[in-house]
There are 2 protein chains.
Amino acid sequence: MQDRTDRLTRALRAAGVRITRQRAALLDVLAETEDHPDAVELHRRAVPRVPGLSLSTVYRTLSALEEQGVIQRHQFEGAPACFERAETAHHDHMIDVETGEVVEFRSDRIEELQARIATELGYEIVHHRMELYVRKRRG
Amino acid sequence: MQDRTDRLTRALRAAGVRITRQRAALLDVLAETEDHPDAVELHRRAVPRVPGLSLSTVYRTLSALEEQGVIQRHQFEGAPACFERAETAHHDHMIDVETGEVVEFRSDRIEELQARIATELGYEIVHHRMELYVRKRRG
DNA sequence: ATTGATGCAAACACTTTGCATCTAA
DNA sequence: TTAGATGCAAAGTGTTTGCATCAAT
């Protein structure tokens with residue numbers, strides 16, 4: 001796991017991205033992240049490791065990491081952008097409208113259908129966004 | 001068509017929504033709308049009919065109409081919210097990332113699969129959002 | 001005559017940016 | 001050493017809101 005971060009660090013440096021204390025801290029925080037935190041939450045988690053870390057640096061770093069394909073940005077309805085590591089396999093999201101909880105899911109069938117539809121209309125998919133806003137079934 | 005607007009007007013009034021000159025103008029503009037304009041664009045289109053119309057009134061009216069189920073609001077990536085009449089059948093959107101053009105499509109198969117996935121995970125869908133960001137196939 | 005709607009300007013939430021200073025390479 | 005990163009504060013964007021006035025019912 002420390003190993004993974006090291007490899008990532010090297011790759012980023014190779015891409016011309018300087019790994020400052022701030023960025024290293026954010027990479028650490030992201031490595032431990034299992035949920036979908038927004039910029040403010042990531043800042044909150046990283047500040048203890050880099051006192052004085054500014055929110056603008058968080059935003060700038062997140063943009064840089066997104067550009068490098070290290071993280072993904074999601075813009076769910078009525079919420080600030082949130083982030084997750086990009087290393088995981090592609091998936092889509094269900095958002096519990098009552099709790100805000102995010103559940104990941106994946107459907108190859110749907111992906112196929114999406115691709116087919118785009119093709120039939122003369123397009124190719126650059127990326128897509130599929131979000132199910134749900135509530136727990138009272139059973 | 002004038003007829004449709006009249007019926008809508010009556011229904012809105014019945015729901016306690018006052019039809020002011022500003023709102024009547026916006027309803028007219030929306031009735032003629034085939035695309036997916038944002039608040040500023042709707043304001044631009046309505047101002048000639050109601051000189052002095054303010055942008056905040058447009059926003060307030062759009063919220064009211066959305067609440068009444070008359071229009072739908074979409075929040076595509078990197079763009080201000082855009083609107084369309086809600087009377088049309090449910091559909092999803094493809095957005096051409098190069099031109100911004102919006103194409104509507106619909107897939108019952110996908111809807112079924114979404115519902116099944118939600119059910120399997122113990123949820124029911126409140127609403128969903130599916131957007132394909134695409135580019136024209138060069139070919 | 002009421003009560004909700006308007007226009008204006010100010011506030012809002014989230015995000016980006018200009019600039020002087022610092023620091024990773 | 002030097003180009004890129006930082007912190008701060010200020011600006012930006014899209015949207016909402018407080019308030020005095022106005023107009024639809």
Side-chain angles (χ1 to χ4, degrees), chain A residues 5-6 8-29 36-44 46-68 70-83 100, chain B residues 5-6 8-27 29 36-44 46-47 49-68 70-83 100:
Chain A
T5 303
D6 284 356
L8 188 54
T9 293
R10 254 175 271 122
L12 285 168
R13 254 194 275 262
V17 176
R18 287 192 187 172
I19 304 304
T20 60
R21 295 186 313 118
Q22 297 72 343
R23 291 184 172 179
L26 278 167
L27 285 172
D28 284 351
V29 168
H36 296 73
D38 61 23
V40 169
E41 176 60 25
L42 288 166
H43 179 253
R44 185 173 4 255
V47 159
R49 311 182 193 222
V50 185
L53 172 66
S54 82
L55 187 53
S56 30
T57 293
V58 172
Y59 275 112
R60 276 189 281 233
T61 299
L62 291 172
S63 293
L65 294 181
E66 186 189 16
E67 214 162 303
Q68 295 302 319
V70 174
I71 59 175
Q72 275 189 299
R73 180 190 304 255
H74 300 294
Q75 187 69 256
F76 299 143
E77 289 181 4
C82 65
F83 302 84
Chain B
T5 302
D6 284 354
L8 189 54
T9 293
R10 257 175 268 124
L12 285 167
R13 255 194 274 261
V17 177
R18 287 189 187 172
I19 304 304
T20 60
R21 295 187 312 120
Q22 296 72 343
R23 290 183 174 178
L26 278 167
L27 284 172
V29 168
H36 296 73
D38 61 23
V40 169
E41 176 60 23
L42 287 167
H43 179 253
R44 184 173 4 254
V47 159
R49 310 181 195 224
V50 185
L53 172 67
S54 83
L55 187 53
S56 30
T57 293
V58 173
Y59 275 113
R60 277 190 280 233
T61 298
L62 291 171
S63 293
L65 294 182
E66 185 189 18
E67 215 161 301
Q68 296 300 320
V70 175
I71 59 173
Q72 275 190 301
R73 181 192 302 257
H74 300 294
Q75 188 69 257
F76 300 143
E77 289 181 3
C82 65
F83 303 84

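Order of the sequence lines fixes the chain letters, A, B, ..., with proteins taken first and strands second; residue numbering starts at 1 for each chain.
For the pair A:Tyr59 and B:Val58, nearest-nucleotide mapping onto DNA chain C gives the more 5' position to B:Val58. Between B:Ile19 and B:Pro80, it is B:Pro80 whose nearest contact on DNA chain D lies nearer the 5' terminus.
Contact check, B:Thr20 against C:dT6: a side-chain N or O comes under 4.0 Å of OP1 or OP2. Taking only side-chain nitrogens and oxygens, A:Thr57 comes nearer than 4.0 Å to OP1 or OP2 of D:dG7. For the pair B:Gln22 and C:dG7, the criterion of a side-chain N or O lying under 4.0 Å from OP1 or OP2 is met. Taking only side-chain nitrogens and oxygens, B:Arg13 never comes nearer than 4.0 Å to OP1 or OP2 of D:dA24. Within the 4.0 Å cut-off from OP1 or OP2 of C:dG4, not a single side-chain nitrogen or oxygen of B:Arg23 is found.
Two residues are said to be in side-chain contact when any heavy atoms from C-beta on lie closer than 4.5 Å; B:Gln22 and B:Thr61 fail this criterion.
Distance, A:Leu55 CG to C:dA13 C1': 12 Å, rounded to whole Å. In this entry the distance linking CZ of A:Arg44 with P of C:dC14 reads 12 Å, nearest Å. In this structure, A:Leu27 places its CG atom 15 Å from P of C:dA24, rounding to the nearest Å. Rounded to whole angstrom, the span from the CZ atom of A:Arg10 across to the C1' atom of C:dA24 amounts to 17 Å. Across the protein-nucleic acid pair, B:Arg18 atom CZ and D:dA24 atom P stand 9 Å apart, rounded to whole Å. For the pair A:Leu42 CG and C:dC14 C1', the interatomic distance rounds to 15 Å; values are reported in whole Å. Atom P of nucleotide D:dT15 and atom CD of A:Gln75 are separated by 12 Å, given to the nearest angstrom. Between the CG atom of B:Asp38 and the C1' atom of D:dT15 there is a distance of 12 Å, rounded to whole Å.
Residues B:Phe83 and B:Ala39 come closest through the heavy atom pair CE1-N, 4.1 Å. In plain terms, the two heavy atoms of B:Asp38 and B:Ala81 that are nearest each other are CB-O, 3.1 Å. For A:Cys82 against A:His36, the heavy-atom pair with the smallest separation is CB-O, 3.2 Å.
Using modelled atom types, no side-chain atom of A:Arg21 and backbone atom of A:Val50 make a donor-acceptor pair closer than 3.5 Å.
Donor-acceptor pairing under 3.5 Å, judged by distance alone, is absent between the side chain of A:Arg60 and the base of D:dG4.
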